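Report on one structure; see the data block that follows.
For ligands, and for the atoms within them, numbers begin at 1 and follow the listed sequence. Only a predicted model underlies this, so the values are computations on that prediction, with no experimental measurement involved.
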Amino acid sequence: MADIFERLLKNYGPIGEHRERSHGYYTFPKLEGEIGNRMKFRGKDMVVWSLNNYLGLANHPDVRKADTDATAEFGLAYPMGARMMSGNSVYHEQLEKELAEFEMKEDVILLNYGYQGIMSAIDAICGRHDVVVYDAESHACIIDGLRLHTGHRYVYRHNDVEDCEKQLQRATALVEKQNQGGILVITEGVFGMAGDQGKLKEICALKDKYEFRLLVDDAHGFGTLGKTGAGAGEEQGCQDDIDLYFSTFAKSMASIGAFIAGPRTIVDYIRYNIRSQIFAKSLPMPYVIGNLKRLEMLRSMPELKERLWKNALQLQNGLKERGFDIGKTDSVVTPVYMKGGVPEATAMVTDLRENYGIFCSIVVYPVIPKGHIIYRLIPTAVHTSGDIEATLNAFSETKEKLDAGAYKVEDIVHMAEAR
Ligand SMILES: Cc1ncc(COP(=O)(O)O)c(C=O)c1O
């Protein structure tokens, strides 16, 4: 019989296999200091482009005070137990009410974490006769939710509305043949890697021809898009046609937790049937009170979103002017596409960090095809014009070196910390 542990040790996976050279640097780096545009990495000052702290709320003094006061008053324990049994509070319900109003929906259910929350919501909503139609580049939490789904699913090419319609036709035919079940379409409001918005308006328009419900994961659109910051649905003028709107608090709100907004009856159904919340402790009070404070600021300080967009556009326009390919982003997420191997990419990142003081994340094979490198830059409201200029100059210089072959190395640059 094979020993499971023995098998694991033979193959640490596509990223884990490089851990001896990468751990603590390319993987599991430790950013230190106050969360913001500038932080310390291995003792050096860095301009940081890796944090989804879009509105800069993470370290705002009012947020820090709300978090601290709530922790002093309640600690991390209260309320104990799952919401349904003993873990409910007026603050949890107040946050749900305020989020529902903000998202222009009837009701909201809070989720402890976005990842397990949306997985579990898909499980709660879909029965075995239901069919899910979903975007090929959906976040891992949606894919894992679909693993729990025992019925059929049809994937459509990323943001390809024609293909979405084709899959809707297949799903409709299947549901009609079964004579039971319905259809759920799942997409994202903003795709976090490439920064392109989901084609929500076009998908909603398909409701004229097909019968389905729409669930949107708007993790990156919440707080960053739409007139009031209500997200990609508001931005595209189709918030009413989104049946279930999901976002995490892990990005614009710089916190922990998540929520789903929708019709009162359906949210209530989810409330009474979502296993990840029914069988887990509710959000601790400092998170709930901290999130109430963040939501109040998100609503009452439009200047945060304005500053975010000013910075995003300065960064994106600057990159385009210098000839960089930033793909199809129409959100603040800013990818920079380059060509090169994985070792080359690590040499370039090392140069950027060590000699230019620029900290950003790279995406390489196997997440994307071999020979491609994506830098993923996340502008925030607290970046400065100086941060952006320094970054643009660093990118121009390192790209020249990349094109000249200066980063050609045999293997991933060894930057791991001693363990
Ligand atoms: C699109 C998307 N959905 C869901 C999640 C998961 O949210 P959480 O971090 O709250 O688990 C993330 C990442 O945070 C995300 O990017």
Side-chain angles (χ1 to χ4, degrees), residues 35 49-55 57-58 92 95-96 99 103 108-125 132 134-148 155 158-159 184-200 203 214-225 231-233 235 242 244-261 270 274-277 280-284 286-288 290-291 294-295 298 329-335 361 363 367-368 374 376-380:
I35 295 174
W49 295 102
S50 292
L51 309 180
N52 291 307
N53 177 28
Y54 289 122
L55 301 175
L57 287 177
H92 287 69
L95 180 56
E96 290 179 334
L99 281 164
E103 284 304 331
V108 151
I109 172 176
L110 291 180
L111 307 166
N112 292 353
Y113 284 94
Y115 198 109
Q116 41 103 317
I118 195 168
M119 263 176 77
S120 195
I122 294 169
D123 176 51
I125 297 162
V132 179
Y134 66 103
D135 189 286
E137 287 184 16
S138 295
H139 190 270
C141 59
I142 295 170
I143 304 299
D144 283 358
L146 291 174
R147 288 179 175 178
L148 294 175
V155 62
H158 173 57
N159 247 347
L184 179 70
V185 174
I186 309 178
T187 182
E188 292 187 37
V190 173
F191 289 86
M193 202 67 82
D196 50 339
Q197 286 181 46
K199 299 235 167 80
L200 305 184
I203 293 171
L214 176 62
L215 165 62
V216 174
D217 176 343
D218 201 25
H220 296 274
F222 178 81
T224 70
L225 288 176
E235 174 83 18
I242 295 173
L244 292 169
Y245 176 96
F246 162 94
S247 180
T248 169
F249 298 142
K251 303 186 195 283
S252 280
M253 299 270 271
S255 170
I256 292 179
F259 71 93
I260 293 181
I270 297 172
I274 184 165
R275 293 167 64 83
S276 69
Q277 309 304 309
K281 187 177 183 295
S282 74
L283 277 176
Y287 295 175
V288 177
N291 283 323
R294 288 159 172 80
L295 181 61
L298 200 149
T329 180
D330 51 2
S331 70
V332 297
V333 175
T334 307
S361 308
V363 189
V367 180
I368 53 172
I374 305 178
R376 191 166 163 274
L377 304 182
I378 304 293
T380 70

Tabulation required: pairs of a nitrogen or oxygen in ligand 1 and a protein nitrogen or oxygen under 3.5 Å; columns are atom names and distance to 0.1 Å; otherwise 'none'.
| unit_1 | atom_1 | unit_2 | atom_2 | d |
| --- | --- | --- | --- | --- |
| ligand 1 | 3 (N) | D217 | OD1 | 3.4 |
| ligand 1 | 3 (N) | D217 | OD2 | 2.6 |
| ligand 1 | 10 (O) | G114 | N | 2.8 |
| ligand 1 | 10 (O) | T248 | OG1 | 2.7 |
| ligand 1 | 11 (O) | G114 | N | 3.2 |
| ligand 1 | 11 (O) | Y115 | N | 2.8 |
| ligand 1 | 14 (O) | K251 | NZ | 2.9 |
| ligand 1 | 16 (O) | H220 | NE2 | 3.4 |
| ligand 1 | 16 (O) | K251 | NZ | 3.3 |

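- For S255, the side chain to side chain donor-acceptor pair (under 3.5 Å) partners at least two apart in sequence or on another chain are N291.
- The side-chain heavy atoms of Q197 and H220, taken from C-beta on, include no pair separated by under 4.5 Å.
- Considering only residues two or more places apart in sequence or on other chains, T248 meets the side chain to side chain donor-acceptor pair (under 3.5 Å) condition with none of them.
- Ring planes of F222 and Y245: tilted class, angle from 30 to 60°.
- Under the side chain to side chain donor-acceptor pair (under 3.5 Å) criterion, N53 pairs with no residue at all, not counting sequence neighbours.
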**OP:** Report the C-alpha distance between I378 and K251 in whole Å, list the side-chain angles of each, state the deciding distance to 0.1 Å, and finish with yes or no for side chain to side chain contact (heavy atoms under 4.5 Å, CB included).
**Re:** CA-CA 11 Å; I378 304 293; K251 303 186 195 283; over 6 Å; no
